[in-house]
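Keep in mind that the numbers below use all heavy atoms, side chains included, and drop hydrogens, waters and symmetry copies. Ligands are counted one by one from 1 in listed order, and the atoms in each one are counted from 1 as well. Start at 1 with the first residue, then count along the sequence.
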Amino acid sequence: MDLDQFVSQLPDSDPSETVEWLDSLDAVVNSAGKTRARYLVSRLTERARELQIGTPAEVSTPYINTIPVEEQPWFPGNEDIEKRIRQYLRWNAAISVTYANKEADGIGGHLSSYASSAMLLEVGFNHFFRGKEGAQVGDHVYLQGHASPGIYARAYLEGRLSEDQMMRFRREIGGGGLSSYPHPWLMPEFWEFPTVSMGLGPLNSIYQARFSKYLYNRRIDDTNASKVWCFLGDGETDEPETLGSISLAAREQLDNLIWVVNCNLQRLDGPVRGNGKIIQELESVFRGAGWNVLKVIWGAGWDELLAKDVDGVLVAKMNATIDGEWQRYAIESGAYIREHFFGPDPRLRKLVDHLSDDQLRALPRGGHDYKKVYAAYKAASETTGAPTVILAKTVKGWALGSTVEGRNATHSIKKLSHDQIIEFRDRLQLTDQIPDAVIDADAPPFYRPPADSPEALYLAQRRSELGGPLPSRTLEIRRPLTLPDPTVYEEFAKGSGTQSVSTTMAFTRLLRGLCRAEEFGPRVVPIIPDEARTFGMEVLFRELGIYASQGQLYEPVDHELLISYVESKSGQLLEEGITEAGSLASFTAAGTSYATRGVPMVPFFTLYSMFGFQRVGDLIWAAADAQAKGFIIGATAGRTTLLGEGLQHQDGHSLVLASTVPTCQVYDAAFAYELAAIVDCGLQRMYGGPDGAGESVFYYLTAYNENQIMPVRPEHVTNDDIMSGLYKWADAPADLKAKATIVFSGTMNRGALEAQTALAARGIGAELWSATSYKRLREDALTVERWNRLHPTQPQRVAQVTDQLGNAPGPIVAVTDFMKAVPDQIAPYVPKRFVSLGTDGFGRSDTREALRRFFEVDAANIEIAVLSALAADGIIDASVVASAIEEHGIDTEALDPFRR
Ligand SMILES: Cc1ncc(C[n+]2csc(CCOP(=O)(O)OP(=O)(O)O)c2C)c(N)n1
Ligand SMILES: [Mg+2]
């Protein structure tokens with residue numbers, strides 16, 4: 001369909017004038033050709049834009065630099081010194097990777113990504129990226145993870161890293177090494193943003209920029225001057241996470257966000273778009289989304305040729321040449337380029353008659369020309385009202401030598417031979433600094449100029465002027481946080497009286513209380529991905545306001561209601577729309593704010609538990625690596641508690657997935673008082689202490705939607721009991737001898753209680769225990785087990801769960817609304833018969849009752865499991881179990897749900 005068809009539907013107030021204009025265009029095409037006509041149309045469009053006529057935006061422009069040479073600003077740096085610095089950086093980066101691969105089974109590393117992006121990074125380091133010294137917030141710079149050797153090389157030149165550390169690239173164990181990629185967890189004073197899982201850095205950077213504006217608009221921190229820079233690969237743009245949220249950046253007018261896409265036209269295996277043009281494709285995508293797009297395609301050498309290209313043949317050839325060919329031109333000789341690029345058209349060939357083959361071969365790409373890059377960065381930093389993306393064309397493996405540069409295998413080359421090192425050294429003009437005699441292919445020397453050399457002084461001076469070194473993860477709290485008064489938790493200990501409520505409702509009430517708390521309240525960041533009504537949290541819309549950078553430009557349809565949809569510039573709630581990934585990125589930005597700007601913030605991200613770890617597990621992993629703090633609330637938890645929704649909604653495994661994340665504190669609360677205690681203790685652990693720094697962990701907490709009367713917190717239950725993962729909730733009925741123990745979690749407390757009553761009717765007493773965290777119990781047991789293994793001659797320790805359940809009565813039946821694997825985490829440490837009841841298999845749509853019977857976790861099945869365990873222990877006769885099965889009408893021939 002012709003997209004311009006709409007024009008025929010517009011009124012034509014002067015048809016004869018229209019015909020005149022069209023005829024003139026026809027005449028130009030006939031007499032001067034299409035190139036000229038295209039030029040004229042472009043000029044008209046440009047003028048129309050100047051006159052603010054409101055013509056539709058073009059999504060694509062010719063394959064040339066966006067900033068014309070006449071508009072290039074003065075380059076303020078010292079060109080010679082910067083060049084030498086880059087040479088040293090390139091050298092040291094490559095050498096550190098070579099060290100990591102000294103032995104036969106090397107430990108990897110990448111040479112060619114940094115080689116292609118060195119210039120892009122250096123212009124930023126020397127002229128743009130603001131550090132965090134003094135009171136300034138500083139910039140947030142997301143770097144391509146596998147370009148880390150270059151970042152280490154810079155820190156080495158700056159004297160932040162030692163030669164020993166450089167030799168220990170990728171040797172983390174034993175200390176003193178450098179992590180393979182940006183890992184704040186492993187290098188907490190250096191790296192800020194884990195980026196190497198492709199796509200996550202770009203996504204996180206968008207929400208980081210948005211969060212910066214949120215802090216500013218809510219008057220929590222003056223982030224106005226702080227920018228977010230994100231460096232990413234052209235191949236990385238294929239990840240849906242990379243481009244998935246770019247429209248948000250434009251909608252939110254994130255002019256504090258600058259992306260630099262290193263378009264080296266290659267990814268790991270081969271070309272990104274051999275048959276197309278990645279820069280053009282990305283330009284259309286970003287322009288369509290409302291970004292400011294700056295293409296940096298050609299270096300200065302081309303300016304003269306483009307100026308002489310009066311009939312547009314050069315631009316036409318540039319437009320028509322596809323990336324597979326450009327990649328080839330990057331490695332071929334000048335003669336080949338003359339023959340194949342310029343050759344076929346005599347007008348083109350004539351353009352370069354005056355250039356030698358060597359000069360032709362040396363015509364640079366824009367991303368390797370610091371003046372072009374500087375111009376783009378300057379324009380980007382001065383842009384208002386929109387985010388900017390810079391599409392910079394580079395060569396992968398640039399300057400690494402003829403056998404590496406631009407080759408399809410370049411990404412995976414990890415080691416340079418002696419000859420390659422010599423060629424590289426020569427190319428970098430480092431013969432004086434690194435003479436042949438000191439080059440040993442296995443142990444080539446690093447090179448750092450003396451501290452009083454012009455290069456070292458320049459480096460130091462540039463960084464000090466920009467506010468200190470980078471990357472640097474701050475551990476200094478600029479705006480301390482005060483924890484809420486404990487009275488906010490008190491009501492939850494009293495139970496819900498006669499009212500039936502869910503733990504989700506209790507959580508919402510607690511969240512409101514926390515948001516209202518003096519001083520602490522504004523630091524809470526509630527995050528919801530379009531599920532507030534599902535969770536019964538819509539009361540928060542009006543009470544807290546939904547953050548909207550433009551306020552609310554309309555009167556909402558439900559404005560008269562108490563729960564109306566209120567958007568506001570100072571709103572507190574981040575209602576993210578349907579994006580768990582985006583919400584997680586907000587969670588990460590808020591949860592790491594203590595370290596990225598010294599302003600602790602407390603995110604409470606409530607998600608649909610099925611669409612958490614399962615959907616955005618890698619983002620959660622990255623949040624953990626970034627040492628994020630906060631609470632992820634897995635609402636509508638449980639495979640049978642969430643009724644009616646079926647297989648793709650009913651979550652019986654987020655607790656299993658959560659247990660894989662080292663810093664994640666996983667809690668499955670049964671009662672309102674447990675939930676309140678977990679939040680209370682969690683806040684103290686993460687944000688307590690003298691400076692509010694606390695521990696770098698985060699909490700995953702389930703919340704169910706089944707209503708029940710919330711019990712009063714038993715007298716004997718302490719916060720430590722709840723946090724320890726397991727505590728006795730109720731004794732066996734007073735008149736009976738306790739013969740068994742039922743361990744429940746979450747909403748299974750009700751079935752457990754019913755089973756206790758039914759067992760009592762059979763004269764069997766059972767204790768009830770609440771397991772709030774199997775992960776916690778397992779980790780404690782693992783620690784004890786290891787200690788015992790390594791201290792064989794010392795008095796052996798006993799794990800908490802071994803002590804507790806070892807001394808509890810009879811066999812243990814653990815029941816959960818999650819997979820059996822959840823309670824099974826403690827099975828090896830319980831020194832007696834241990835049976836798990838859980839919800840393995842796909843979910844089903846039905847009532848809770850039917851579901852619990854199907855998954856065999858209802859009261860009857862708990863009772864039967866206890867009887868069966870007692871029979872197996874020889875305490876009762878098997879016939880008792882058989883008759884209970886019959887009494888309850890259990891279908892013994894039904895298929896095991898686990899298999900379906
Ligand atoms: C999610 C994910 N998948 C795969 C990889 C492995 N990987 C590392 S670098 C790379 C190629 C990157 O190409 P590009 O984004 O173009 O960056 P360049 O190195 O060319 O600058 C791949 C596939 C990864 N790091 N993350
Ligand atoms: Mg690439």
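- By the 4.5 Å heavy-atom criterion applied to side chains, Lys83 and Gln429 are counted as neighbours.
- When Ser113, Gly397, Ser116 are checked for heavy-atom proximity to atom 19 (O) of ligand 1, Ser113 turns out nearest.
- Below 30°, between 30° and 60°, or above 60°: for Tyr700 and Phe613 the angle between ring planes is above 60°, a perpendicular geometry.
- Of all atoms in ligand 1, listed by their number and element, those nearer than 4.0 Å to a heavy atom of Asn262 are 21 (O).
- Protein heavy atom at the shortest distance from atom 25 (N) of ligand 1 is Val196 O, 2.8 Å.
- Of all protein heavy atoms, the one lying nearest to atom 12 (C) of ligand 1 is Met198 SD, 3.8 Å.
- Nearest protein heavy-atom contact of atom 21 (O) of ligand 1 is Gln144 NE2, 2.8 Å.
- The shortest side-chain heavy-atom distance between Ser117 and Gln144 falls under the 4.5 Å cut-off.
- The protein heavy-atom contact nearest to atom 15 (O) of ligand 1 is Glu236 N, 2.9 Å.
- Relative to the ring axis of Tyr63, Lys277 places its NZ or CZ within 45° and under 6.0 Å from the centre.
- The Mg ion (ligand 2) has Asn264 among its coordinating residues (N/O/S atom, backbone or side chain, under 2.8 Å).
- A cation-pi geometry, defined here as NZ or CZ lying under 6.0 Å from the six-membered ring centre and within 45° of its normal, holds between Lys317 and Phe341.
- Counting atoms of ligand 1 from 1 in the listed order, those under 4.0 Å from a heavy atom of Ser197 are 1 (C), 26 (N).
- Figure legend: cation-pi geometry between Arg170 and Tyr99 absent, as NZ or CZ is not positioned both under 6.0 Å from the six-membered ring centre and within 45° of its axis.
- Ring-plane geometry between Tyr329 and Tyr336 is classed as tilted, the angle between the planes lying from 30 to 60 degrees on a 0 to 90 degree scale.
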Query - Steps toward side chain to side chain donor-acceptor pair (under 3.5 Å) verdict (Asn262, Glu236) - result: CA-CA 10 Å; Asn262 174 17; Glu236 187 171 6; over 6 Å; no

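- When side chains are defined from C-beta on, Pro194 does not count as touching Trp185, because their heavy atoms never get closer than 4.5 Å.
- The ligand atoms of ligand 1 that sit less than 4.0 angstrom from a heavy atom of His411 are 9 (S), 10 (C), 11 (C), 19 (O).
- Among protein heavy atoms, the minimum distance from atom 1 (C) of ligand 1 is reached at Glu239 OE2, 3.3 Å.
- No other N/O/S atom of Asp234 lies as close to the Mg ion (ligand 2) as OD1 does.
- Here the heavy atom of the protein found nearest to atom 14 (P) of ligand 1 is Gly235 N, 3.6 Å.
- At the shortest separation from atom 13 (O) of ligand 1 among protein heavy atoms lies Arg267 CA, 3.4 Å.
- With respect to atom 23 (C) of ligand 1, the closest heavy atom belonging to the protein is Leu268 CD1, 3.8 Å.
- Ring geometry, Tyr181 versus His183: the interplanar angle exceeds 60°, so the pair is classed perpendicular (tilted spans 30 to 60°).
- Below 4.0 Å from some heavy atom of Asn264 lie the following atoms of ligand 1, by number and element: 18 (P), 20 (O), 21 (O).
- For Asp234, heavy-atom contacts with ligand 1 shorter than 4.0 Å involve the backbone as well as the side chain.
- At under 3.5 Å, a nitrogen or oxygen of Gln266, whether backbone or side chain, sits near a nitrogen or oxygen of ligand 1.
- Formation of a donor-acceptor pair under 3.5 Å by the Lys393 side chain with backbone atoms of Val296 is not found in this model.
- With 2.8 Å as the limit, Gln266 counts as an N, O or S neighbour of the Mg ion (ligand 2).
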